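What follows is a short report on a single structure.
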Amino acid sequence: MATVEDIMNLDFFKHNHLELVAGEQGLYRIVTRPNIAQLMNFSDWMGGGEFLLINGVGLGLDQKENMLQVIENANKANAACIAFEISQTFIPKIPQEAIDLANQYQLPIFTLSWDVPFGPILNTVYDFIVREERKESTIMDIMRNILFANVNPGQILQQTDYYGYDLRSPHQCMVFQKEGGYEALKKHFREDKRILYLEQNEHLIVFYPYCEKKQLKNQLRSLLATEDVYIGIGDVCTNLMKYQNSYYQALRALRYLMVTKEKQILFYDELGLLTLLDDVDNDHNIKQYIMDFLAPLQEYQTHHSIDLIETLNVYQECNFNVAKASQKLFIHRNTLLQRLEKIAMLLDVDLNNFNARREIMNVMNLKKYYG
């Protein structure tokens, strides 16, 4: 996608002295097409995202009130930006009140010389948008091929080199999941020209240049401050053939996050024991093991109104500490002790035994992962 900032940095506009006078905070806006405003009610014919050209002929923009109305209409129509051609006759200057209003709306306002023809401006903007759309489509196809097809590494690297992406250096595959769409996240990643991203199957898939785990978590936490998002991260990819594996690892880490809701960022290698089980095609056997282990507690719960499985889970989460577990469960210490005695009897285990505790922890972690 072409942004206002991308277009303002084109050689054509640099050569013709396009000058930003307001709305710097809106340079991230997406430009969908160029357009010309010749009537005051131009917003009735806009679809949003226009690079709007105005020379002021017939609009009375030497009057402050009309200039403010143009900015109001452009903002209402979700224009990407406005480029005013300055002339003594029609638009002698952009008044401060208009600059303040554009800053308030974060609507970029530019000035150009009157003698720059509209035709080359329209062609330059349109051609750049088409090239960016073609590039984005190609990058998405490249990512799909890397993740879901048998790739020719040499050909893929030639393509990514052409578009300025260095997949010869280590990357990590991330999978994001959130409600409400990914536009804000894509905007964030779009600003870093090293990052490739693809929206697929209700996820946002990202190829992120490798950095140390602590540093990466710090970078991602800035996103979590404003986005309710979960992020699974696969192992480091040192060559193209590892991206598929890293992607599926990231999906598995994300799956665990979505089940447990314990945190928002999880690396695949942090799954611990579950990474070993994940490589074995025996989901049914594992689920059966969980059910068999917890069956006595489940049977008891069917006839009583006490959730012994949750009691056991909280107890092991609190490192088998009675005081902490009773507080977390909002029950009296003696009540918890009575429940634990019942659990020990039903499972026929000694809850003080190290091996018994280890198995309980494993079962509870497996239960979270497999649902």
Side-chain angles (χ1 to χ4, degrees), residues 1-59 61 66-67 69-86 90-91 94 98 101-103 105-141 163 181-191 193 197-199:
M1 294 183 182
T3 67
V4 175
E5 185 172 25
D6 292 332
I7 289 175
M8 69 176 280
N9 287 324
L10 294 176
D11 289 341
F12 174 86
F13 287 114
K14 290 181 179 180
H15 176 74
N16 286 287
H17 308 293
L18 182 76
E19 182 181 351
L20 178 68
V21 297
E24 183 177 6
Q25 297 300 314
L27 291 177
Y28 65 87
R29 290 176 181 238
I30 302 300
V31 181
T32 58
R33 65 185 67 83
N35 207 341
I36 302 172
Q38 295 176 307
L39 300 172
M40 189 59 77
N41 62 340
F42 59 85
S43 59
D44 294 341
W45 291 276
M46 288 174 58
E50 280 84 354
F51 184 100
L52 200 58
L53 289 166
I54 301 177
N55 62 15
V57 175
L59 297 178
L61 298 187
N66 290 337
M67 176 65 76
Q69 187 61 54
V70 163
I71 294 174
E72 288 281 1
N73 290 348
N75 181 67
K76 176 183 176 182
N78 295 316
C81 63
I82 308 175
F84 291 105
E85 287 200 339
I86 301 299
F90 301 107
I91 307 177
I94 309 297
L101 185 61
N103 284 330
Y105 291 144
Q106 297 185 7
L107 176 65
I109 300 296
F110 298 96
T111 58
L112 275 168
S113 173
W114 169 265
D115 58 6
V116 183
F118 273 3
I121 296 174
L122 295 171
N123 289 338
T124 298
V125 174
Y126 180 76
D127 288 348
F128 182 75
I129 291 171
V130 170
R131 289 199 308 272
E132 285 297 294
E133 288 178 347
R134 187 179 298 124
K135 171 184 173 181
E136 184 172 3
S137 177
T138 302
I139 290 298
M140 288 191 292
D141 287 341
Y163 288 110
Y182 296 100
E183 288 310 311
L185 287 172
K186 288 191 285 189
K187 167 187 170 296
H188 177 87
F189 292 128
R190 194 179 298 121
E191 293 171 354
K193 303 301 183 182
Y197 58 87
L198 166 70
E199 191 169 347

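The structure displayed is predicted, hence computed values, not measured ones. Heavy atoms only: backbone and side chains are in, while hydrogens, waters and symmetry mates are out.
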Task: Closest contact, heavy atoms only, Arg29 versus Gln106 - done: NE-O, 3.0 Å

Open item on the list: Quick check: closest heavy atoms across Leu112 and Leu18, and the distance to 0.1 Å?
Closed with: CG-CD1, 3.6 Å

Open item on the list: Take a 6.0 Å sphere around OH of Tyr126 and say whether it holds more than 12 heavy atoms from other residues, nucleotides or ligands.
Closed with: no

TODO: Go through Asn66 and Leu59 one step at a time and tell me if the side-chain contact (heavy atoms from CB on, under 4.5 Å) criterion holds.
DONE: CA-CA 7 Å; Asn66 290 337; Leu59 297 178; over 6 Å; no

TODO: Taking all non-hydrogen atoms of both residues into account, name the closest pair between Leu27 and Thr3 and its distance.
DONE: O-CB, 3.8 Å

Task: Glu72 CD: over 12 foreign heavy atoms closer than 6.0 Å - done: yes

- [ ] List the atom of Ala74, the atom of Leu52, and the distance in Å for their closest heavy-atom pair.
- [x] CB-CD2, 4.3 Å

Open item on the list: In terms of relative ring orientation, are Phe189 and Tyr197 parallel, tilted or perpendicular, with 30° and 60° separating the classes?
Closed with: tilted

TODO: Return the minimal non-hydrogen interatomic distance between Phe90 and Asn55, and the atom names on each side.
DONE: CB-O, 3.5 Å

Task: Any donor-acceptor N/O pair, Glu132 side chain to Val130 backbone, under 3.5 Å - done: no

Task: Short side-chain to backbone donor-acceptor contact, Ser113 and Asn16, under 3.5 Å - done: no

TODO: Keeping the roles fixed (side chain from Thr138, backbone from Arg134), state whether a donor-acceptor pair exists under 3.5 Å.
DONE: yes

Open item on the list: When you compare the side chain of Val70 with that of Phe84, does any pair of heavy atoms fall below 4.5 Å?
Closed with: yes

Task: Non-hydrogen atoms of Ala98 and Ile94 that approach each other most closely - done: CB-CG2, 4.0 Å

Task: Asp44 atom CG: more than 12 heavy-atom contacts under 6.0 Å - done: yes

Task: Minimum side-chain heavy-atom gap Glu85-Ile121 below 4.5 Å - done: yes

Open item on the list: Taking the side chain as everything from C-beta on, heavy atoms only, tell me whether Val116 gets closer than 4.5 Å to Phe12.
Closed with: yes

